[in-house]
Amino acid sequence: MDAGLKRDLEAKVYAGERLSREDGIALYESDDLTWLGRLAHHKRTEMNGDRVMFNVNRHLNLTNVCSASCAYCSFQRKPGEKDAYTMRIDEAVAKAKEMEDEQLTELHIVNGLHPSLPWRYYPKVLRELKAALPNVKLKCFTATEVQWFEKISGLPASEILDELMDAGLESLTGGGAEIFDWEVRQHIVDHNCHWEDWSRIHRLAHEKGMKTPATMLYGHIEEPRHRVDHVMRLRELQDETGGFAVFIPLRYQHDFVDSQDGKVRNRIQERTTMAAPAESLKTFAVSRLMFDNVPHLKNFWVMHGLSVAQLSLNFGADDLDGSVVEYKITHDADSYGTPSTMHRDDLLNLIWDAGFQPVERNTRYEVVREYEKPISLAERRSEPQKVWA
Ligand code: SF4
């Protein structure tokens, strides 16, 4: 990058000026990762100090049966496939109850777009979950699912959200966003919920008092300009509603041969590689610098691996998410050696080792508990890290 442009961008960041679309694209063109990290760290420190938030949550998927076949998705199954499943309401409740001992504060629920489950199933399952686990907040459904509920129920999204909130819904999830640019989207998404509907549904949720997350699936066939465009759209919506609590860059992952049926479901992996760690860190840094109006930047560590997740705390991220439990119940690893579940102590050490203060939050980003301040990095250098990944 031209030294003059670098100075201009740096001056803008330190003066607290809003960065433009062109600035975002220029930042992605820089190969100076240390410089990007320093700028993003300045911004995250201004916004969130040395705190790193997390919550004790578990993920639950009621069904993997889906009417759509998004090109990057290895989760969906068609009706009748060997490992297709749909939980009865009592099964979902029993599964959630099994997690009760983990002292979870949030259940994160997303599902396939099931072709024949009636709309009534969804508020009913929320009511039963809420009755069984009254202290657990329910963060459920992508905007894509809400649009699907409109289709299967004939009701408008406003009534759907009212009923789901009455049944215990605390927040929508941020999924279904992928990349909003149509040029890219038509190659990867196979449902009808695009920017117009995604933003309509989150706007409605914000009007009803919900704080919601927003995501971006990066590192596949999109270009940096598409990531900047994605962030710009969300930033404008946030100017209007103020309802996004957090932005979550999600790293696209290749699919591996399914051990159950020998299939590879992902249809874009022939055309792309996965984002390298440096690209992930750059994406976190640029996102933090562009988003002057969304308070938190989350790393869903399951998709990045623990080392990159830890490093991202120095590139703008201030929130770590993924299933975090009280006890070591599962430690399944994917093909990259990333666990799917983490013990609370491991997560705390991961944050302290990186030089930050852990803060437990609830679904609305209110503080539940503040932990000790970290020992300085200089002192820590003489000790081995407690968590390796
Ligand atoms: S809507 Fe797309 S991403 Fe979601 S489960 Fe169905 S195929 Fe997968």
Side-chain angles (χ1 to χ4, degrees), residues 59-87 92 107-119 121-122 125 139-153 157 160 164 171-182 184-202 212-222 226 230 248-258 260-261 263-272 274-275 300 302-303 321-322 334 340:
H59 290 230
L60 186 69
N61 307 115
L62 301 169
T63 179
N64 64 356
V65 177
C66 189
S67 302
S69 300
C70 298
Y72 60 86
C73 179
S74 50
F75 170 70
Q76 53 90 13
R77 297 288 184 276
K78 297 302 164 214
E81 271 196 77
K82 201 166 69 182
D83 49 353
Y85 73 87
T86 301
M87 291 183 193
L107 264 180
H108 180 117
I109 301 177
V110 291
N111 317 288
L113 310 175
H114 195 290
S116 55
L117 264 181
W119 147 244
Y121 168 87
Y122 299 95
V125 80
K139 184 161 82 181
C140 315
F141 311 127
T142 60
T144 310
E145 289 180 84
V146 174
Q147 192 218 30
W148 180 253
F149 299 156
E150 286 184 294
K151 185 174 168 184
I152 61 175
S153 69
I160 282 166
L164 293 174
S171 168
L172 295 178
T173 67
E178 326 316 0
I179 284 283
F180 289 127
D181 181 274
W182 177 243
V184 176
R185 200 170 179 84
Q186 61 185 312
H187 293 282
I188 62 169
V189 167
D190 180 45
H191 51 68
N192 295 323
C193 186
H194 306 302
W195 167 249
E196 293 71 18
D197 285 307
W198 194 98
S199 57
R200 169 178 65 86
I201 288 163
H202 278 265
T212 67
T215 61
M216 172 177 76
L217 186 73
Y218 74 93
H220 41 90
I221 58 170
E222 92 291 1
H226 300 122
H230 190 91
I248 314 166
L250 298 171
R251 177 173 172 247
Y252 156 80
Q253 305 231 308
H254 275 351
D255 193 4
F256 288 85
V257 177
D258 191 306
Q260 306 250 349
D261 60 11
K263 284 187 188 165
V264 172
R265 289 183 166 76
N266 182 322
R267 302 194 306 282
I268 53 170
Q269 65 192 44
E270 302 280 305
R271 300 168 58 190
T272 182
M274 287 167 58
F300 181 57
V302 178
M303 280 186 163
D321 181 48
D334 65 13
S340 61

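We count ligands from 1, going down the list as the structure has it; atoms in each ligand are counted the same way.
- Heavy-atom minimum distance, E145 versus V110: OE2-CA, 3.6 Å.
- Interface of H191 with ligand 1, defined as ligand atoms under 4.0 Å from a residue heavy atom, comprises 1 (S).
- One N or O on the side chain of R185 and one on the backbone of A177 form a donor-acceptor pair closer than 3.5 Å.
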### Message
For a side-chain contact (heavy atoms from CB on, under 4.5 Å) check, start with the C-alpha distance between H114 and L62, then their side-chain angles and the critical distance, and finish with the verdict.
### Response
CA-CA 10 Å; H114 195 290; L62 301 169; over 6 Å; no

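- We find the CG-CE distance between N61 and M87 to be 7.0 Å, quoted to the nearest 0.5 Å.
- Protein non-hydrogen atoms do not reach within 4.0 Å of atom 4 (Fe) of ligand 1.
- Distances below 4.0 Å separate heavy atoms of A68 from the following atoms of ligand 1: 7 (S).
- Looking only at protein heavy atoms, the nearest one to atom 2 (Fe) of ligand 1 is C70 SG, 2.3 Å.
- In this structure, the side chain of W119 does not engage the main chain of K151 through any donor-acceptor pair within 3.5 Å.
- Scanning the protein heavy atoms around atom 6 (Fe) of ligand 1, the nearest turns out to be C66 SG, 2.3 Å.
- Atom 8 (Fe) of ligand 1 has C73 SG, 2.4 Å as its closest protein atom, hydrogens excluded (heavy atom only).
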